[in-house]
Number of protein chains: 2
Amino acid sequence: MTASTARTDTRPSPRKRAGNGAARQHDTDEIGLDALVGHAGYAVRRFQIWIFQDFIRTLGEVGIRPTQYSVLTVIGANPGLSQMAVANRLGIERARLVHLLDSLEQRKLVKRIKSKADRRSHALHLTAPGETALAKFKRLAAEHERHVEEKIGKANRQRLLRILAGFT
Amino acid sequence: MTASTARTDTRPSPRKRAGNGAARQHDTDEIGLDALVGHAGYAVRRFQIWIFQDFIRTLGEVGIRPTQYSVLTVIGANPGLSQMAVANRLGIERARLVHLLDSLEQRKLVKRIKSKADRRSHALHLTAPGETALAKFKRLAAEHERHVEEKIGKANRQRLLRILAGFT
DNA sequence: GGAAGATTGTTGTTGACGACAACAATTGTT
DNA sequence: AACAATTGTTGTCGTCAACAACAATCTTCC
């Protein structure tokens with residue numbers, strides 16, 4: 001083992017870790033993953049956690065989470081959609097979209113307009129402040145995307161998008 | 001101005017609308033995602049949902065979920081680990097691992113052995129039936145992995161694993 | 001025209017999951 | 001011995017996916 005093992009834990013203590021030589025304690029980076037390596041799902045899960053955390057942190061100043069951002073961009077690009085249409089397009093349950101829209105409507109970013117044609121459904125629109133806010137969100141999201149590039153590389157990010165294009 | 005009906009979704013859009021007066025609903029595939037396309041996080045999220053659903057379905061007959069599988073494989077490959085070590089290695093909170101191990105121990109797949117060296121910690125081991133069960137889980141997980149290959153292609157799966165290798 | 005069935009939005013529940021906080025028991029430090 | 005840190009545990013909170021049930025409304029079919 002190399003003497004300069006990079007510590008991945010965030011313990012602030014400069015002291016040596018607990019543990020004795022008798023019962024051999026594993027260091028974090030010498031624990032094998034065995035079958036987990038080679039499973040795409042595991043890598044994707046870890047990556048998704050990282051990417052969501054960076055997104056949430058980067059857009060933390062405006063208080064927008066990934067799902068909220070996706071709802072806003074779809075409404076912004078397709079004004080007048082019904083809740084069902086948005087839910088289907090984004091793969092969100094319509095029950096869940098209700099709460100998401102409640103929050104966004106409370107923040108005056110989105111408005112539900114009762115449809116004349118189908119009085120069951122609501123036509124979704126961005127408010128005027130919602131439009132300007134979304135523009136700012138997009139700038140921050142682009143900044144987040146640059147973080148992704150720094151993390152995995154510009155070319156790899158492009159490969160990733162191409163590989164997963166079928167899921168959007 | 002709108003030509004025919006007084007709809008609420010008047011806007012500049014590349015999307016084509018049906019000319020009839022009836023309330024034409026959007027088809028799912030003609031709703032634009034706008035800025036969402038080009039965001040790695042969105043594609044990764046959708047892919048992760050798909051891959052987890054397939055994993056859960058493929059391992060449904062044995063009732064093993066992705067997180068449980070990851071815990072079992074790590075313990076199987078590194079017997080005697082403490083709960084902290086497993087939690088750190090997999091990026092799981094130790095509070096959450098408690099419940100996971102409770103469930104796995106109740107199913108007689110894992111056992112907690114009180115460590116002599118450090119009486120605070122437990123050494124984690126697979127039981128004998130746990131070993132044979134894990135072997136079956138691995139076969140099913142390999143089947144799931146073949147589904148991934150069918151979905152995105154064998155070469156793309158390899159590219160994906162290489163791109164995201166740093167997150168495992 | 002009217003009954004039957006489907007759709008839309010809503011409310012509610014369940015369970016998995018990540019993030020924290022607090023605690024007792026134990027260990028290490030000073 | 002006094003103090004700080006670690007380990008496992010319990011608990012709470014919020015996000016999210018998956019269902020189920022419901023009223024209001026549309027569509028279909030007879």
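Remember, predicted model here, so these are calculated numbers, not experimental data. Chain letters run A, B, ... following the sequence lines, proteins first and then strands; every chain starts at 1.
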Is there a side-chain polar atom (N or O) of B:Q83 under 4.0 Å from OP1 or OP2 of D:dT9?
-> yes
Partners passing side-chain contact (heavy atoms from CB on, under 4.5 Å) against A:E143 (at least two apart in sequence or in another chain) | A:T58, A:L140, A:R146, A:H147
Rounded to whole angstrom units, what separation is found between the CG atom of A:L124 and the P atom of C:dT8?
-> 13 Å
Is A:Q53 near enough to C:dG18 that one of its side-chain N or O atoms lies under 4.0 angstrom from OP1 or OP2?
-> no
Specify the separation, in whole Å, of atom CD1 of B:I49 and atom P of D:dA18.
-> 7 Å
Ring center gap for A:F47 and B:F167 short of 6.0 angstrom | yes
Nearest listed nucleotide, side chain of B:R112, among C:dT11, D:dT9, C:dC17 | D:dT9
Quick one: A:I56 CD1 to D:dG14 C1', roughly how many Å, whole number?
-> 11 Å
When you get a sec, tell me which of C:dT11, D:dT10, D:dG8 is the closest nucleotide to the side chain of B:D102?
-> D:dT10
Determine, for nucleotides 19-24 of chain D in 5'-to-3' order, which nucleotides have protein heavy atoms under 4.0 Å from the base (write B), from only the sugar-phosphate (write S), or from neither (write -).
-> B-B--B
Which pair of non-hydrogen atoms, one from B:L100 and one from B:Q68, has the smallest distance, and what is that distance?
-> CD2-CG, 4.1 Å
Give a yes or no on whether the backbone of A:V37 and the side-chain of B:T168 come within a donor-acceptor separation of less than 3.5 Å.
-> no
Round to a whole Å and report the spacing from CH2 of A:W50 to C1' of C:dG18.
-> 18 Å
Between B:K116 and A:M84, just flag the one whose closest nucleotide in DNA chain C comes earlier from the 5' side.
-> A:M84
Can you tell me if the side-chain N/O atoms of B:T67 get under 4.0 Å from OP1 or OP2 in C:dC17?
-> yes
What distance separates B:I75 CD1 from B:R89 CZ, expressed to the nearest 0.5 Å?
-> 14.0 Å
Nearest to the side chain of B:V98, which nucleotide is it out of D:dA17, C:dT10, D:dG8?
-> D:dG8
What nucleic acid atoms does A:L97 come within less than 4.0 Å of, heavy atoms only: base, sugar-phosphate, or nothing?
-> nothing
Whole Å only: how far is the OH atom of A:Y42 from the C1' atom of C:dC17?
-> 15 Å
Examine distances only and state if a side-chain atom of B:E145 and a backbone atom of A:A40 form a donor-acceptor pair shorter than 3.5 Å.
-> yes
Which of parallel (below 30°), tilted (30 to 60°) and perpendicular (above 60°) describes B:H39 and A:H144?
-> tilted
Here the distance between atom P of C:dC20 and atom NE2 of B:H99, to the nearest Å, is 17 Å
Nearest whole angstrom, please: distance from the C1' of D:dT15 to the CZ of B:R45.
-> 12 Å
What integer distance in Å separates B:R46:CZ from D:dA17:C1'?
-> 13 Å
